[in-house]
There are 2 protein chains.
Amino acid sequence: MNIGDISKATGLPAKTIRYYEEIGLIRPARGANGYRHFSETDLHNLTFLGRARSLGFSIEECRALLALYTDKDRASADVKEIARTHLAQIDAKILELQAMRATLADLMAACAGDHRPDCPILKGLAGEP
Amino acid sequence: MNIGDISKATGLPAKTIRYYEEIGLIRPARGANGYRHFSETDLHNLTFLGRARSLGFSIEECRALLALYTDKDRASADVKEIARTHLAQIDAKILELQAMRATLADLMAACAGDHRPDCPILKGLAGEP
DNA sequence: GATAGGGCCTCCAGTCGCTGGAAGGTCAAG
DNA sequence: CTTGACCTTCCAGCGACTGGAGGCCCTATC
């Protein structure tokens, strides 16, 4: 499979796949013409990476997960530990966004949103009582 | 006030303040020695920027908000429109993170997390049923 | 007056995870 | 033989900073 085929199969842009090769996440073979040639294993690995990325794992976490995925002697505890850390980060992010949301919604509720210049949103951002 | 003083007063790193000047968000005066000199207005503007950023507004949104903050003839509707757009983005992000969280939590719940190599998290990422 | 320290300056490079584009080689169809 | 779709590499840029090098300025102490 060429990069275009694997791109369609995985849903990942060709640019992204080249980038993953550049940073050493995958090592596709090369044909005589210089084209990348992707095996079934490459397909599995890229699918894995795509799903892990879509769950918000960083590239380095993906690298670790992929190594565990490839290592048939891994302990599932190692995987779960990475997942636990990531889950905590997601939760922290959600809380942060919810706090932002609440503050912003409060300010917006106080704002008439009409032609007049008086604006509680700006006042709130400026730190006025 | 020098940059160190304003940094303490606003809680923004000096590097960030210099960056805000570089991209034209603020225009502090300069002393004969080349040092930036910050007025009360600069202090207000930087405080405003700090709060807006902490609510997740992008730099360009902050630029627009700051212009409205400075314009005493603004319409509060203009401010509210920016806030509404941003609120929608926050909500979208929260939903995305909650979906990630749910998927990840499901996978983790199925994983024993012990010394054995069998791992539903990896299976899920690989796309196994 | 010399020196030590802290603060300030600019400029360059790096972060993360791609993404866009230019310039050029390859391949299959008509 | 040409067209057009594909592939290649390399360089640059996104957002919003952040770190560090190298060097000037200011105050305090000896």
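Quick note on labels: first sequence line is chain A, next is B, and so on, each numbered from 1. Both backbone and side-chain heavy atoms feed into the values below; hydrogens, waters and symmetry mates do not.
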So do A:Cys111 and B:Val79 actually touch side chain to side chain, heavy atoms under 4.5 Å?
->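 When only atoms from C-beta onward are counted, A:Cys111 and B:Val79 do not touch, as no gap falls below 4.5 Å.
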
Is any side-chain N of the basic residue among A:Glu21 and A:Arg30 closer than 4.0 Å to the acidic one's carboxylate O?
->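 A salt bridge is present here (some side-chain N lies under 4.0 Å from a carboxylate O).
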
OP1 or OP2 of [N] under 4.0 Å from side-chain N/O of [X]:
{"X": "A:Arg30", "N": "D:dT9", "answer": "yes"}
{"X": "A:Arg63", "N": "C:dC16", "answer": "no"}
{"X": "A:Arg36", "N": "D:dT9", "answer": "yes"}
{"X": "A:Asn33", "N": "C:dC27", "answer": "yes"}

Provide, to the nearest angstrom, the distance between the [atom1] atom belonging to [X] and the [atom2] atom belonging to [N].
{"X": "B:Ile6", "N": "C:dG7", "atom1": "CD1", "atom2": "C1'", "value": "16 Å"}
{"X": "B:His37", "N": "C:dC8", "atom1": "NE2", "atom2": "C1'", "value": "15 Å"}
{"X": "B:Phe57", "N": "D:dC17", "atom1": "CZ", "atom2": "P", "value": "15 Å"}
{"X": "B:Ile3", "N": "C:dT10", "atom1": "CD1", "atom2": "P", "value": "9 Å"}

Within residues 102-114 of chain A or reaching into it, pairs that qualify as side-chain hydrogen bond (donor to acceptor under 3.5 Å, both in side chains) - sequence neighbours excluded =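 Residue pairs passing side-chain hydrogen bond (donor to acceptor under 3.5 Å, both in side chains), neighbours aside: A:Asp114-A:Arg116, A:Asp114-B:Ser76.
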
Enter the inter-axis angle for the ends of the helix from C:dG1-D:dC30 to C:dG30-D:dC1 (five pairs per end, rounded to 10°).
->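 The end-segment axes of the helix from C:dG1-D:dC30 to C:dG30-D:dC1 are tilted 30° relative to each other.
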
For B:Ala110, what residues pass the side-chain contact (heavy atoms from CB on, under 4.5 Å) criterion, not counting sequence neighbours?
->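 side-chain contact (heavy atoms from CB on, under 4.5 Å) check on B:Ala110 returns B:Pro120.
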
Pick one: which of A:Asn45, A:Asn2, A:Ile3 meets side chain to side chain contact (heavy atoms under 4.5 Å, CB included) with A:Phe38?
->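 Of the listed options, the one satisfying the test is A:Ile3.
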
Atom CZ of A:Arg27: over 12 foreign heavy atoms under 6.0 Å |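 No, because the 6.0 Å sphere around CZ of A:Arg27 holds 12 heavy atoms or fewer from other groups.
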
Which residues in residues 39-50 of chain A have at least one heavy atom lying under 4.0 Å from any atom of DNA chain D?
->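 None, since no heavy atom is under 4.0 Å.
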
What parts of residues 10-27 of chain A reach DNA chain D, counting only heavy atoms under 4.0 Å away?
->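 DNA chain D contact set from residues 10-27 of chain A: A:Lys15, A:Arg18.
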
How far apart are the C-alpha atoms of A:Tyr20 and A:Arg53, what are their side-chain angles, what is the distance that settles it, and do they pass the side chain to side chain contact (heavy atoms under 4.5 Å, CB included) test?
-> CA-CA 12 Å; A:Tyr20 286 173; A:Arg53 290 289 299 131; 3.5 Å; yes

Can you name the residues that form a side-chain hydrogen bond (donor to acceptor under 3.5 Å, both in side chains) with A:Asp118, not counting sequence neighbours?
->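 Per chain and number, A:Asp118 pairs via side-chain hydrogen bond (donor to acceptor under 3.5 Å, both in side chains) with A:Lys123.
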
Please check if B:Ile17 and B:Tyr35 belong to a single hydrophobic cluster, counting links between Ile, Leu, Val, Met, Phe, Trp and Tyr side chain heavy atoms closer than 4.5 Å.
->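 No; tracing contacts between hydrophobic side chains, which count when under 4.5 Å, never links both residues.
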
Chi angles and distances behind the side chain to side chain contact (heavy atoms under 4.5 Å, CB included) call for B:Leu46, B:Leu25 | CA-CA 9 Å; B:Leu46 282 168; B:Leu25 277 185; over 6 Å; no

A:Ile23 and A:Arg63: side chain to side chain contact (heavy atoms under 4.5 Å, CB included), yes or no, with the steps?
-> CA-CA 10 Å; A:Ile23 64 174; A:Arg63 195 189 299 277; 4.2 Å; yes

Please figure out whether B:Glu60 or B:Tyr35 has its closest DNA chain D nucleotide nearer the 5' end.
->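 Counting from the 5' end, the first nearest nucleotide belongs to B:Glu60.
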
